[in-house]
Each structure stands twice: as C-alpha cells, then as structure tokens.
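See structure below.
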2 protein chains.
Amino acid sequence: MQTPEPLGGTRPTSRDVARTAGVSQATVSLVLGDKWRGRVSERTAGSVREAARSLGYRPNLAARNLRLGRTRTALLVVPALTNEFFAHVYTGAAAAAAAHGFGVVLYPSPEGLGPARDPFASAQAALDGVLASSMATDALEAFRGTDLPLVMLDSDPAAPGAAAHVNLDVAEGMRRVTGHLLGLGHRRFLHLASAAPSWTFDVRAATLAHALSGAEVRTVRSPLNIADAWEAAGLALAAPGPRPTAVICDDDILAVGVCKAARRLGLRVPEDLSVTGFDDMALATAVEPELTTVRLPAEEFGRRGMEALLAVLAGEPPRPVSLPVELVPRGSSGPAPAS
Amino acid sequence: MQTPEPLGGTRPTSRDVARTAGVSQATVSLVLGDKWRGRVSERTAGSVREAARSLGYRPNLAARNLRLGRTRTALLVVPALTNEFFAHVYTGAAAAAAAHGFGVVLYPSPEGLGPARDPFASAQAALDGVLASSMATDALEAFRGTDLPLVMLDSDPAAPGAAAHVNLDVAEGMRRVTGHLLGLGHRRFLHLASAAPSWTFDVRAATLAHALSGAEVRTVRSPLNIADAWEAAGLALAAPGPRPTAVICDDDILAVGVCKAARRLGLRVPEDLSVTGFDDMALATAVEPELTTVRLPAEEFGRRGMEALLAVLAGEPPRPVSLPVELVPRGSSGPAPAS
DNA sequence: CCCCGGAAGTTATACGTAAAACCTCGGACC
DNA sequence: GGTCCGAGGTTTTACGTATAACTTCCGGGG
C-alpha cells in the first residue's frame with residue numbers, strides 16, 4: 001500500500017486523472033460530475049473513478065466556481081457568536097446548507113474588520129447569497145448597493161430589499177409571558193429591554209405595551225450582558241415609589257442580571273419578585289431558581305432561514321415564515337406578593 | 001446621482017473597467033492590485049480607479065483564487081460553537097485572519113455533514129491552511145492524507161503532523177486550583193472530568209493527580225452539559241463513605257451542574273462543599289455563588305493560533321506557544337468544613 | 001448498398017484574473 | 001546620429017473546470 005499522493009505541494013488536476021485513466025479531461029469531468037449516463041461506458045467510468053481515488057484527486061473549487069459562476073457559499077450575518085442564541089442559529093444554518101452542498105461563511109465582526117476594508121473581500125469568499133439577522137445593524141449598512149439575494153431573519157416583513165423573511169413569533173411569546181404574569185396577579189411591571197435597536201425588540205415592546213395597557217409598566221434598557229443588566233435593574237428596583245412585582249426581560253442574560261440585583265437588594269425570587277427571561281438558552285436552567293422564559297427554536301430558525309435562501313437561489317418564490325415559540329414556566333415566576 | 005450599476009445580474013469585470021477607463025485589462029489589474037508604481041502614470045491610475053468605483057467593480061474572488069493558487073482562507077475546526085469557549089476562539093481567530101486579509105470558514109459539524117460526504121467539499125472553500133482544536137477528534141480523522149499546513153490548538157506538542165502548536169497552560173491552571181484548595185484545608189476531592197477524550201483533559205488529570213498525590217481523589221467523567229454533570233455529581237456526592245469536601249471540575253458547565261446537585265442534596269456551597277470550574281465563561285458569574293475558576297484567554301488563544309498558521313503559510317518556522325492562565329477565586333470555594 | 005442514428009468518446013472554448021513578456025516612443029548620452 | 005533606456009503601457013498566457021460542439025465507429029433499416 002504505497003502512497004501515490006502528489007509530492008511537492010502540487011495537487012493533481014482532472015487532467016492528471018485523465019492521463020492515468022487513459023481518457024480525456026472532459027470524460028473525467030463528466031464521470032466525476034455524475035453526468036455520464038449514456039455518454040460514457042460503465043467500464044471507462046469505473047477506471048476514471050479508480051484513477052481519481054488512487055491519485056487522491058480533489059476538484060479545485062476555485063476553478064469550478066469560476067466556471068460555474070456560482071460558489072455554493074452563503075454569507076451569514078449575525079452580531080456575535082458568543083451569544084449562544086446566534087451560535088445555535090449558525091449551527092442550524094450550516095446544517096441546512098451542508099445538506100444542500102452549500103457552505104456558510106460568517107461575516108467578520110466589525111472589530112476584526114480593518115479600517116475601511118471591503119466587507120465582501122474580507123469574507124474572502126465569492127458568495128451566492130446572504131442570510132442576515134436584523135440585529136447586525138451596522139454590518140447590514142455595508143450591503144447597500146448589492147444585488148445578492150438576501151433573506152432577513154427577524155426583521156420587518158414589510159421592509160423592502162429582502163427576497164424573503166423568516167421570523168420568530170416573538171409577539172406571541174410576549175403575550176404568553178404577560179398572560180402568565182397577569183394570571184399570577186401581577187399589576188406593576190418592569191420591562192428590562194435590550195438597548196440594541198432591532199425590529200424584534202420593537203415588536204416585543206409594542207406587544208407588551210398592548211397586553212399590559214391596563215397595568216403599570218416601566219421600561220429600562222440595558223446592553224445584553226449580566227453586569228450591565230445587574231446595574232440597570234438594581235437602579236430601577238431601588239427607585240422610590242411602589243416597586244414592580246414582576247420584571248419582564250428581553251433576554252435570559254438580562255433576567256440573570258435582574259436576579260442577581262434582586263438578591264443584592266434582599267428580594268427573594270419568586271416570592272418577592274417574579275422574573276422572566278427570553279430565549280431559553282443554557283443559562284436559563286443554570287441559575288437558581290431556574291428561569292421562566294420563552295423558548296425560541298434557535299437552531300430551526302437558522303435552518304429555516306437558510307432553506308429560504310436556498311429556495312430563493314433556486315428560483316422558487318418563498319412565502320414568509322413565522323416560527324412558533326413556547327412559554328416555559330419555571331421557578332423564577334410566582335404569585336404576586338400579597339401587599 | 002444615477003446608479004450606473006450593472007443591471008441584469010451580470011457583475012462588471014476588470015475588462016469592463018478597462019473599457020470605460022480606456023486602457024487594457026492588464027493595466028486595471030496592475031492599478032487595482034497596487035503594483036503600478038513606475039509602470040502606470042498617476043493620471044491613468046486615477047482614471048482606472050474612478051472607472052472601477054463608478055461601475056461598482058468587485059474582483060471575482062473565484063478567478064483570483066484560481067490564478068494565484070491561494071485563497072486567503074483558513075479552516076477552523078472546533079467541536080461546537082454553542083460552547084462559549086469556542087465561540088471566543090472563533091472570534092479571536094477571525095479577527096487575526098481579517099487583519100491579514102484572510103477569511104475563516106468553519107468545519108461543518110458532523111451532524112450537518114451528510115453521509116460519507118467529503119469534508120473539504122462540504123466546506124465549499126478552497127483552503128490555504130487548517131487551524132484545529134484537538135477536541136474535535138472525529139473531525140480530525142477526515143484530514144488524514146492531506147498536505148495542508150496544520151496548526152493544532154491544545155494538543156500534544158510532541159505529536160507529529162502539525163506545523164505548529166498553540167496551547168493554554170492548563171497544567172499551571174490546575175496547579176493553581178489544587179494549591180488554592182489545599183491551602184483552604186481540603187484533603188478529600190472529587191474530580192469531575194470531561195468525558196470527551198482530548199489531550200488538554202489528559203493534562204489536567206495528570207497534573208491534578210500529581211499535585212494531589214498525598215490526598216484522597218476520586219474521579220468521575222461527564223459530558224459537558226449541566227444535566228449530565230448534575231446527575232454524575234449527584235451520584236458521586238451521595239455515595240457511601242466519607243464525602244469529598246471539594247469538587248474540581250474540568251469546565252464551568254460541569255461546576256454549575258455540581259452546584260445544582262449539591263443544593264439538591266442539602267449541601268451549601270462553599271460552607272459544606274467547595275466547587276471550582278475551568279474556563280471562566282459568562283456562566284461562572286451568572287450563578288450564585290459565583291464560581292472560583294481558571295480564566296482562559298480564549299479569544300487570544302484563537303488569535304495566536306491563527307497568527308501561528310499565518311506565520312506557517314508565510315514560511316516562517318514558528319515556535320510553540322503556551323499561553324498563561326489565571327486563577328480567579330470567587331465565592332464557590334472556601335475553607336474545608338471542620339469535621 | 002447506403003445512410004442514419006445512437007453510443008462513446010474527444011476537441012475546443014470560456015469563465016475573470018494576474019503577471020510575464022513584449023512593444024513603442026521620446027529623450028539622454030556618447 | 002545612432003543607440004540605449006526607462007516610462008508607460010499592451011498583448012498574451014495560464015490557472016482548472018464544465019460543457020457545447022464535434023468526431024468516430026458500428027449496427028440496422030430501407
């Protein structure tokens with residue numbers, strides 16, 4: 001069992017395969033491209049495959065992409081993978097892409113991007129289409145004046161520019177949360193909202209305002225990290241006047257910050273204060289008490305988004321998708337305190 | 001301000017730019033490739049750039065890659081981005097790559113990979129090099145018989161096959177943990193180890209065994225998720241015989257599981273049981289009490305790894321790197337109980 | 001007997017770029 | 001006055017693939 005691998009760094013080409021198989025390069029291309037039925041004999045096809053295998057032949061993707069004018073590569077634009085939600089979105093998108101022979105490349109984060117560099121060149125990939133989260137607002141600016149097919153995640157379905165929209169039904173999620181808390185007797189609320197501007201957060205705020213129109217609601221904004229949420233919640237909960245009995249958060253991360261702030265203030269969760277999250281990431285069951293939250297099908301979200309993009313690329317006009325979400329009641333929410 | 005953008009989906013080529021600028025395609029290539037000093041006049045160069053801008057010209061990456069035989073793209077192989085540690089590694093690697101004009105593509109997860117599909121084709125990218133974590137063991141198998149430059153993350157520096165090694169000094173981290181706990185008077189330990197086979201975990205186990213050679217140590221393995229860790233720790237802590245007073249975990253996630261199991265058993269952390277984590281991810285400060293853990297410079301880890309790979313690609317023989325880690329004492333560890 | 005059609009290939013070409021090799025002209029130098 | 005040289009380009013070629021267009025051979029039908 002010797003290794004007939006090419007030495008010296010030069011990879012074998014289809015022409016090399018043709019030479020060893022004793023056929024022309026075109027035949028190699030036909031056989032390996034699975035377009036040979038009725039054009040090449042079974043025998044010849046076999047010997048071509050054998051030659052390719054023994055040489056360790058791998059088609060040159062750059063050449064194929066140039067020839068075909070397509071790259072079978074999609075760009076995924078999300079804010080940051082260190083947010084578990086987007087890591088799941090990536091996973092789903094990558095899986096759906098792979099199932100169709102596509103690759104996924106991530107838009108480089110703004111920090112990683114040098115000054116005034118071309119976002120497309122930075123991706124270093126020729127692209128067939130773009131799948132973008134509305135939360136990556138700054139990155140999206142870079143895509144003005146591009147005619148690449150674009151599918152938007154969690155953005156206004158009425159907004160122009162996108163070939164398709166795939167959304168999570170966050171409005172229903174927020175209705176479930178408010179219904180849950182109202183049912184527990186809560187009437188004074190704090191809404192800890194994300195400071196990041198995005199359509200999905202606007203929807204949550206609007207839904208919440210509508211569902212709680214009879215109750216008392218205060219809104220505070222915070223960046224999506226525990227420390228900032230802790231500080232914002234601490235200030236809001238220690239403010240003069242009647243204290244809210246429930247805090248509705250736009251994200252599990254914020255809810256964790258609220259719980260920490262509550263404990264610091266001597267408030268028990270859920271006896272003195274109910275707290276709800278959003279997303280149902282690993283964090284939600286890591287803390288004590290576990291978070292009442294809204295489960296978002298993050299991975300399916302990415303999968304459906306990519307499938308919509310692939311449909312667009314295939315020429316099928318896709319219809320908008322809105323994925324159902326689910327309320328997961330856990331220990332962080334309980335009956336409103338008696339007083 | 002009209003839009004002279006190409007209509008109908010056909011992007012302008014360097015030849016189109018040449019035509020509008022009134023020069024040859026070669027001149028366009030020289031100017032835009034910044035190789036024109038002394039070969040093209042300032043005037044001509046200016047008009048070429050102007051033409052390119054007005055046409056919205058973007059070089060065809062596939063053609064460039066084919067011509068140059070390089071793609072300025074590296075493959076990153078990690079187990080799962082939903083593990084926050086690897087999301088940080090990706091971020092650092094992508095930033096370092098972007099700073100050198102490189103792109104990063106992720107190895108598709110095994111699930112996303114169809115049956116018996118070529119891992120390289122699945123990435124849908126022609127690659128210049130590979131940066132791989134030793135924790136992605138199954139994926140690494142796919143790279144046998146490849147001569148792509150390979151830099152390993154957290155793998156045995158003595159192992160062959162890699163052009164360079166970049167490691168975290170986890171041995172020192174584990175020594176700090178054991179020193180910390182021994183100093184607090186602990187003598188009976190439980191080591192909750194990762195069930196995933198990897199060199200980095202072997203090092204932790206070996207270091208721990210050596211540092212605690214005079215003490216009593218039991219080892220239990222668990223997959224890296226809260227639920228499994230909870231179960232494994234629950235069993236171990238409820239086992240007959242003297243109970244360990246400290247649990248040393250290979251990962252913050254495991255430590256969180258241990259804390260939950262301890263609470264279930266009526267054990268207070270840290271009064272009855274000290275628990276330490278590893279990694280210092282967001283989880284560590286989300287829980288109560290906050291975790292004593294070892295801070296790993298995850299993002300720098302990715303950055304240095306990518307820089308090592310870029311050095312290899314540039315022909316510079318790099319020396320092995322071992323990044324320092326840091327013990328972060330927090331609330332989950334305290335003096336051993338008196339009894 | 002001739003022609004036609006299908007099987008089994010081969011030859012030729014284009015994709016867009018980078019760069020080596022070549023051309024042309026106007027002055028400087030001997 | 002011829003030659004050389006450098007500035008400022010242009011012409012040409014190659015990268016590896018996919019496929020359209022062409023060739024060749026052979027058996028069968030009229």
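Every chain is numbered from 1, with letters handed out A, B, ... down the list of sequences. Side-chain atoms are counted along with the backbone in the values below, which use heavy atoms only and exclude waters and symmetry mates.
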message: From CZ of B:R70 over to P of D:dG16, roughly how many Å is that when rounded to an integer?
response: 15 Å
CA sep, side-chain torsions, deciding dist, call: B:T71, B:D128, side-chain hydrogen bond (donor to acceptor under 3.5 Å, both in side chains): CA-CA 6 Å; B:T71 58; B:D128 282 353; 3.2 Å; yes
query: Base, sugar-phosphate, or nothing for A:V23, non-hydrogen atoms under 4.0 angstrom?
result: sugar-phosphate
query: Under 3.5 Å, is there a donor-acceptor pair between the B:T44 and B:S47 side chains?
result: no
task: Under 4.0 Å between any heavy atoms, over every strand shown, what does A:T27 touch: base, sugar-phosphate, or nothing? Just pick one.
output: base
Please tabulate the protein-to-nucleotide N/O contacts below 3.5 Å involving nucleotides 15-17 of chain C, giving atom names and distances.
from   : atom 1 : to    : atom 2 : distance (Å)
C:dT17 : OP1    : B:Y57 : OH     : 2.4
C:dT17 : OP1    : B:N60 : N      : 3.2
C:dT17 : OP2    : B:S14 : N      : 2.5
C:dT17 : OP2    : B:S14 : OG     : 2.7

message: Just verifying a value: how many Å separate B:T82 OG1 and A:E299 CD, rounded to the nearest 0.5 Å?
response: 8.0 Å
query: Using a distance-only test with no angle check, is there a side-chain donor-acceptor pair under 3.5 angstrom linking B:D154 and B:S134?
result: no
field: Where protein sits on nucleotides 20-25 of chain C, one letter per nucleotide: B base, S sugar-phosphate only, - none, heavy atoms under 4.0 Å
entry: -B----
- request: Give the minimum heavy-atom separation between B:W199 and B:P157, together with the two atoms involved.
  value: CZ2-CD, 3.5 Å
query: Reckon B:S41 touches a base, only the sugar-phosphate, or nothing at all at heavy-atom distances under 4.0 Å?
result: sugar-phosphate
query: NZ of A:K35 versus C1' of C:dA8: gap in Å, rounded?
result: 18 Å
query: Quick one: B:W36 CH2 to C:dA19 P, roughly how many Å, whole number?
result: 17 Å
query: Under 4.0 Å between a Lys/Arg side-chain N and an Asp/Glu carboxylate O for A:R303 and A:E307?
result: yes
query: Measuring from B:D16:CG to B:R11:CZ, what's the distance to the nearest 0.5 Å?
result: 11.5 Å
query: What pair of heavy atoms forms the shortest contact from B:V89 to B:L153, and how long is it?
result: CG1-CD1, 4.1 Å
message: Need to verify one output field. Residue with the more 5' nearest nucleotide on DNA chain D, B:G22 or A:L30?
response: B:G22
field: Atom pair distance, as rounded to whole Å: CG in B:N65 and P in D:dG16
entry: 13 Å
Side-chain heavy atoms of B:L323 within contact of B:N167, under 4.5 Å: no
